Amino acid sequence: MKKLIRLSNHIYYYPYDTHGDRPNLYYIKGKDYSIVIDAGNSKRHVEEFYSALKQNNFIDPKYTIITHWHWDHTFGMKYAKGEKVSSIKTYQKLQEIKQYKWTIEEMNKRLEAKIENSFCHENILLEYQDLNDIEVDLPDTYITKDTTYNLGDLEIQVLFGTSTHTEDSIFIYIPEDKVLIVSDGDCPDYYISQEYLDKKKLTDMINFFKSLDYEYHCLGHAFPETKSYALERLNNELNKFTI
Ligand SMILES: [Zn+2]
């Protein structure tokens, strides 16, 4: 088990793990209540996270907000606490995933049909020794537009910004702590390519980040970056486009 890492005044995170492709899980600690960002990839992942919270005497969250539909951020949802909230597109995509069968034969079929990619396929098999343990759950509710949560001593904004990663990605902005939780939102769409293919989307996303005043650019599967480092990294990608 890992330890929670303090990022800022109100924000902590349980660090990512490349084994099983577990993402960072963020805990935003307010005076009145707390919010967790992302549900983790399995029961075991969620339980580790909640043990780490307990070690710090942190209360259970009122909400768990899901950044996007990918398995590593959602398959722990059944065990995550508080009201689970996602964007409407995430909710709809998970309704589709919920119909999937989790046998190795069905998984192989989805891999061949390119419904699944090999990276996720392999990591699902690493995380789940018994595929019967996979239970896809739906969020309790969904949002359709930018939404603000008031935690007493700070506000967080859930923003529908442009993402190069998925159509359903949302971003969590905490102005008071100068933090933007991007999760995987600024990655390429790995279901299509390892590279950024849509110049307009990449440009719009960079402009979206520029429009926000923050310092910590918080990712799904890496340690937080500074905003300036992230913008430099993304501008380098933009410069690779020849037209
Ligand atoms: Zn993702």
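Both ligands and their constituent atoms are indexed starting at 1 by order of listing. Just so it is clear, the structure is predicted and the values come from calculations on it, not from any experiment.
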Exercise. Would the Tyr33 and Tyr149 ring centres measure less than 6.0 Å apart?
Worked result: no
Exercise. Taking the six-membered ring where the residue is Trp, are the ring centres of Tyr100 and Trp71 under 6.0 Å apart?
Worked result: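 No, the ring of Tyr100 stays outside the 6.0 Å limit from the ring of Trp71, centre to centre.
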Hey, is the Zn ion (ligand 1) within less than 2.8 Å of some N/O/S atom on [X]?
X	result
Cys187	no
Asp184	yes
His73	no

For this session: Of all N, O or S atoms in His70, identify the one at the shortest distance from the Zn ion (ligand 1).
Result: ND1
Exercise. Measuring from Leu94:CG to Ile66:CD1, what's the distance to the nearest 0.5 Å?
Worked result: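 That separation rounds to 8.0 Å.
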For this session: Working to the nearest 0.5 Å, report the span between NE2 of His68 and OG1 of Thr74.
Result: 8.5 Å
Problem set entry | Metal-centred angle, the Zn ion (ligand 1) as apex - NE2 of His68, NE2 of His165, 10° resolution | 100°
For this session: Run through Asn24, Thr18, Asp72 and flag the one making a side chain to side chain donor-acceptor pair (under 3.5 Å) with His221.
Result: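 Of all the options given, the one that passes is Asp72.
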